[in-house]
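Shown next, in structure tokens, is the structure this report addresses.
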Amino acid sequence: MSRIIDRRLNGKNKSAVNRQRFIKRFKDQIKTAVGKAIGKRNITDICNSEKIIIPKKDITEPRFSHGKGGSYTSIHAGNKEFTKNDHIKRPESQGGQGQGGDASNSDETGEDNFAFEISKDEFLDLFFEDLCLPNLIQKELKELETVRYARAGYTTEGVPTNINILRSMKTAKSRKLAITGSYREKIKELEKEIKKLEEENFEDSNIKEIVELKEEIVKIKTKMEKIPFIDKIDIRYNNKTAVKEPSSKAVMFCIMDVSGSMDEAKKDIAKRFFILLYLFLNRNYKKIELVFIRHHTSAKEVSEEEFFYSRETGGTVVSSALELMADIIDKRYPPSQWNIYGAQASDGDNWNNDSPKCNEILLNKIMPKVQYFSYVEIMPRHHQSLWEAYVGVKNVVSNFSMQNIKSPQQIYPVFRELFESK
Amino acid sequence: MDDIKKKPKYLSTGSEWTFELIEKYDKEIARIAHEKFKLDTYPNQIEVISAEQMIDAYSSVGMPVGYHHWSFGKHFVNTEKQYKRGRMGLAFEIVINSNPCIAYLMEENTMTMQAVVIAHACYGHNSFFKNNYLFKTWTSPDSIIDYLLFAKNYIAKCEERYGSEVELLLDSCHALMDFGVDRYKRPERISLIEEQKRQKEREEYMQLQVNDLWRTIPISEEKESKQKKHFNFPEEPEENLLYFFEKNAPLLKPWQREIIRIVRKIAQYFYPQKQTKVMNEGWATFWHYTIINELYSEDLITNGSYLEFIKTHTDVIYQPGFDSKFYSGVNPYALGFNIYSDIKRICDEPTDEDKKYFPDIAGSDYLETLNFAMQNFKDESFIRQFLSPKLIRDFKLFSILDDENNNELIVSAIHDEEGYIDIRETLAEQYNLSNIEPNIQVYSVNLEGDRSITLRHIMHDNRPLSEDTQEVLKHIHRIWGFDVILESFDPKDNTVKKSYRCPEKNQ
């Protein structure tokens, strides 16, 4: 007698350990792939699960086997027209036919690559690991309260735009049914009587009576028709109540200096920094909009693509970007509804007499409206002029932070300092 | 009124399965298998699992308990990806050669499919495992699960103690897994407890042995002259590379020897499955076909469910032609199934041709003959013995000579009178594992000099080794600890055609 066992509930993910080991074993290759992926991705879809492609030769398990060459016979099925001693051209894809078939397997990503997907968590782990991330410390974000109107049943009072037609028609119909009930009963009775009379002989008295009864019915019917199709008391309005909830909308301003002195390496550091901030915000907000502002002597709002990849030259006037940011906030992102974050990356270069202006714009126009503003200076050498101006800001307001980054390895520690809960 | 049919007593009519239904089907299938067809099986343990668990089982080469290793993770990741993309359906069964015989049913399958899998795995494969001589000789289904558990725990313990070294050693062992089997020697059976006891003793004893072999203390002249006699070590070439390293590698620690032993034991366990692919799958397919047909003729399954079965069965035994894009060699399911069916035909209705080719079995009792065929052969000898001219014609088999000295391939035999024997011979050879895998043996060890080891690849059909060879040598070097030399030796003219060395010599 066989034993039948339901194993569906236990032993799930038996291979999880092996999978982890696989990823650990090829961490270097996978990390390279993740690095490449980051380069190719937009900031907004950075944290989707990632398809990782690593070279197959790195992960093959070698075995002794026969190579091409030699002289041997093999058996195949489905002969159609061959007879003994026919000569056939050697298939090109492969030296020997061997077990056959392989020729037909050339597909997709190519034989040289091994592609697989890693989950979002695994991706983040690998991504942060590159930045020497031990654990992401959650900063308590200052929550912004917004009011949202949620539906809450129906009321009898309201404005015409909120009329709920279906509901109103239902009430109207039932009111009509209720009021006309006694009339309809009466009509029924009268009709019965008419029928009874009709079945009897057609005497004059009968006929007269019938006519009277019929008139009666018509009277009642007109009464019924006078009942209004819809009345004021029928109308129902959708009811809405105000619900307070933390705002789930955030906007992140990425400001970057694209003057000649920002080379690719610096931009890459900046991008990683922005990504980090984005991921961080992503954990807290449902919806995040990104605004990219790049500047040299003048500032411009651009697409992400342009932000990271186009090259500009020229001097640097930082205030132009801050001005533009303040403008955009005023026009599109009222601070009462949006959590606003600013992140600025620059090599710190600025026209000397522009720096005090930056200080002023930040303090007066920007800092009161934003949740947080962080500035990273990507400069391996000494601090630049902008730094001094920003120190002035930092001393006055608490939601401003600034750090200097010298190499990619520093990004995470710096990031953590910036966002440490105080 | 006579022609009123008996009301059918279908076991089920819908496609959904329940545990009660599986039990009912299993009972009927067991009755047919045991009573009607006299199949001799281990008791069954049927486990219902999800697709995800099936992928798990897949990637651990069907071992129900396996030690952890990244390569299983790689298979898992790969299988999972393909499955998610809908590239492949999962194989419809995995069955483990143990006692009781463990078979997995996937929860996604319909009742009909579950019935097919039960017939295929729980009665087909199961009876093969119990009765084929290779399995009887080489595997001990009573203790395999215990052994795997022992292996898993032992390796986990080693990992705790020695860390990543364990994984590297396993890598090296896996590279040689195909060369960790005894092809001819017979093993002895021992129980798990004894295995554990022996393992302790072995550790101590083996270390002693090895030390003795590598003794550097000068020996007296008398002894030396004695030793000169067996100038060559090993005296006989050794084909089981892992066994040789386990016993003789100079620098290994006891736990490393034990891990090598575990890998080679597992390789040995699966070796009969590699040798009997056609026979085993064919046998299981033949019986699921026969049993489901029996269920149908007893009115136990509906027409719809029978159609579903036929569709699946036809897919399983489909043999695409060589020029089809689905072609990947001769389909072992098709070949095996057809050979068994053909044996039954030869027994029941032999033609003149059959009488000429199979005088012994033509007209004999088919159940007896089938059992004989299943029990006493491996793929190679099975094909050589039972592939009939009719089947060669049905499959339209032809043989191709691929000679590196010719620009063209030559058709050396086709399915005609003069080709039958030739094709049968070549096909049989194609399933001879010693032809598929290169023949590599430990040839000599330089005991007194640099302790280098020389392996010999005895060339077959002039075929060279693949590009992986140098990589594998690195693994051998990791185990052996000293220089490794591999020579491709051509027995036809007694010359060494090519020589590999690890570490590679600086030019």
Side-chain angles (χ1 to χ4, degrees), chain A residues 1-8 11-26 59-80 82-91 95-102 104-105 114-117, chain B residues 19 22-23 26 44-50 52-53 56 59 68 70-74 76-77 81 107 174-175 178 319 321-322 325 327-330 395-404 408-415 423 426-427 430 438 440 461-468 471-472:
Chain A
M1 196 60 227
S2 307
R3 267 208 295 169
I4 298 164
I5 300 173
D6 186 358
R7 282 254 192 254
R8 284 171 298 175
K12 236 181 195 176
N13 267 333
K14 222 155 113 192
S15 286
V17 183
N18 289 329
R19 189 190 149 91
Q20 280 310 315
R21 287 199 179 199
F22 169 67
I23 288 175
K24 202 174 129 202
R25 171 74 180 242
F26 296 101
I59 58 164
T60 44
E61 299 158 79
R63 298 270 171 116
F64 282 130
S65 60
H66 286 302
K68 290 176 190 174
S71 142
Y72 60 97
T73 44
S74 54
I75 298 287
H76 297 279
N79 183 14
K80 285 182 189 136
F82 302 139
T83 53
K84 196 173 169 177
N85 293 330
D86 275 358
H87 288 233
I88 310 169
K89 236 181 105 194
R90 198 187 298 269
Q97 282 204 326
Q99 298 299 306
D102 293 27
S104 62
N105 286 343
F114 182 83
F116 63 100
E117 279 192 9
Chain B
F19 284 97
I22 288 184
E23 217 176 308
D26 178 65
N44 280 305
Q45 178 164 321
I46 299 170
E47 305 195 352
V48 180
I49 60 174
S50 64
E52 196 191 325
Q53 287 169 312
D56 272 340
S59 39
H68 295 306
W70 65 266
S71 64
F72 304 136
K74 179 181 117 182
F76 177 77
V77 164
K81 177 192 80 187
E107 66 173 340
H174 286 179
D178 296 335
Q319 173 64 61
F322 72 98
K325 66 171 176 170
Y327 184 69
S328 59
V330 177
F395 275 89
K396 299 193 169 61
L397 297 178
F398 64 107
S399 87
I400 292 280
L401 172 66
D402 184 345
D403 188 334
E404 58 183 342
E408 288 176 322
L409 306 174
I410 298 167
V411 179
S412 53
I414 62 160
H415 49 95
I423 284 181
T426 317
L427 189 61
Q430 208 164 299
I440 295 173
D461 283 347
N462 226 354
R463 303 183 70 179
L465 291 173
S466 72
E467 293 145 1
D468 273 355
E471 288 302 308
V472 185

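First the proteins, then the strands, lettered A, B, ... as listed; each starts at 1.
A heavy-atom distance below 4.5 Å is found between the side chains of B:Q45 and A:I5. At least one side-chain heavy atom of A:N79 sits under 4.5 Å from a side-chain heavy atom of B:H415. You'll find the side chain of A:D86 stays beyond 4.5 Å of the side chain of B:I410, heavy atoms only. Put simply, the side chain of A:N18 does not reach to within 4.5 Å of the side chain of B:K74, judged on heavy atoms. At a threshold of 4.5 Å between non-hydrogen side-chain atoms, the residues B:V48 and A:R8 count as touching. Side-chain contact check for B:W70 versus A:E61: some heavy-atom pair is nearer than 4.5 Å. Counting heavy atoms from C-beta outward, A:F22 and B:V77 have side chains that approach closer than 4.5 Å.
Residues A:K89 and B:L409 approach most closely at O-CD1, 4.3 Å, considering heavy atoms. The two residues B:P464 and A:K68 have their closest heavy-atom pair at CG-O, 2.9 Å. Of all non-hydrogen atoms in B:Q53 and A:R7, the two that sit nearest each other are NE2-O, 2.7 Å. In terms of heavy atoms, A:I4 sits closest to B:I22 at CD1-CG2, 3.6 Å. Minimum interatomic distance between B:D468 and A:P62 (heavy atoms only, all atoms of both residues): OD2-CA, 3.6 Å.
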Please step through side-chain contact (heavy atoms from CB on, under 4.5 Å) for the pair A:I88 and B:V411, ending with a clear verdict. CA-CA 8 Å; A:I88 310 169; B:V411 179; 3.6 Å; yes
Please evaluate residues B:V330 and A:H76 with respect to the criterion side-chain contact (heavy atoms from CB on, under 4.5 Å), reporting the C-alpha separation (whole Å), side-chain torsions for both, the decisive distance (0.1 Å), and the verdict. CA-CA 6 Å; B:V330 177; A:H76 297 279; over 6 Å; no
Run the numbers on B:D402 and A:Y72 for side-chain contact (heavy atoms from CB on, under 4.5 Å), then give the verdict. CA-CA 5 Å; B:D402 184 345; A:Y72 60 97; 3.9 Å; yes
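Here B:P438 is the residue among B:S71, B:G321, B:P438, B:S399 with the most heavy-atom pairs under 4.5 Å with chain A. Chain A forms the most heavy-atom pairs under 4.5 Å with one residue out of B:I49, B:T426, B:I440, and that residue is B:T426. Note on A:K80, A:K84, A:K24, A:Q20: by heavy-atom pairs under 4.5 Å with chain B, the leading option is A:K84. Top candidate by heavy-atom pairs under 4.5 Å with chain B, chosen from A:H66, A:H87, A:R21, is A:H66.
Both the backbone and the side chain of B:I423 come within contact range of chain A, each with at least one heavy atom under 4.5 Å from a heavy atom of that chain. Looking at B:Q319, the atoms closer than 4.5 Å to chain A (heavy atoms on both sides) all sit in the side chain, from C-beta outward.
How far OG of A:S74 is from CZ of B:F398: 8.5 Å, rounded to the nearest 0.5 Å.
Side-chain contact of B:N462 with A:S71: a donor-acceptor pair under 3.5 Å is absent, judged by distance alone. For the 3.5 Å distance criterion, the side chains of B:S412 and A:T73 fail to qualify, holding no donor opposite an acceptor.
Remark: B:D178 engages A:R63 in a salt bridge, criterion side-chain N to carboxylate O under 4.0 Å.
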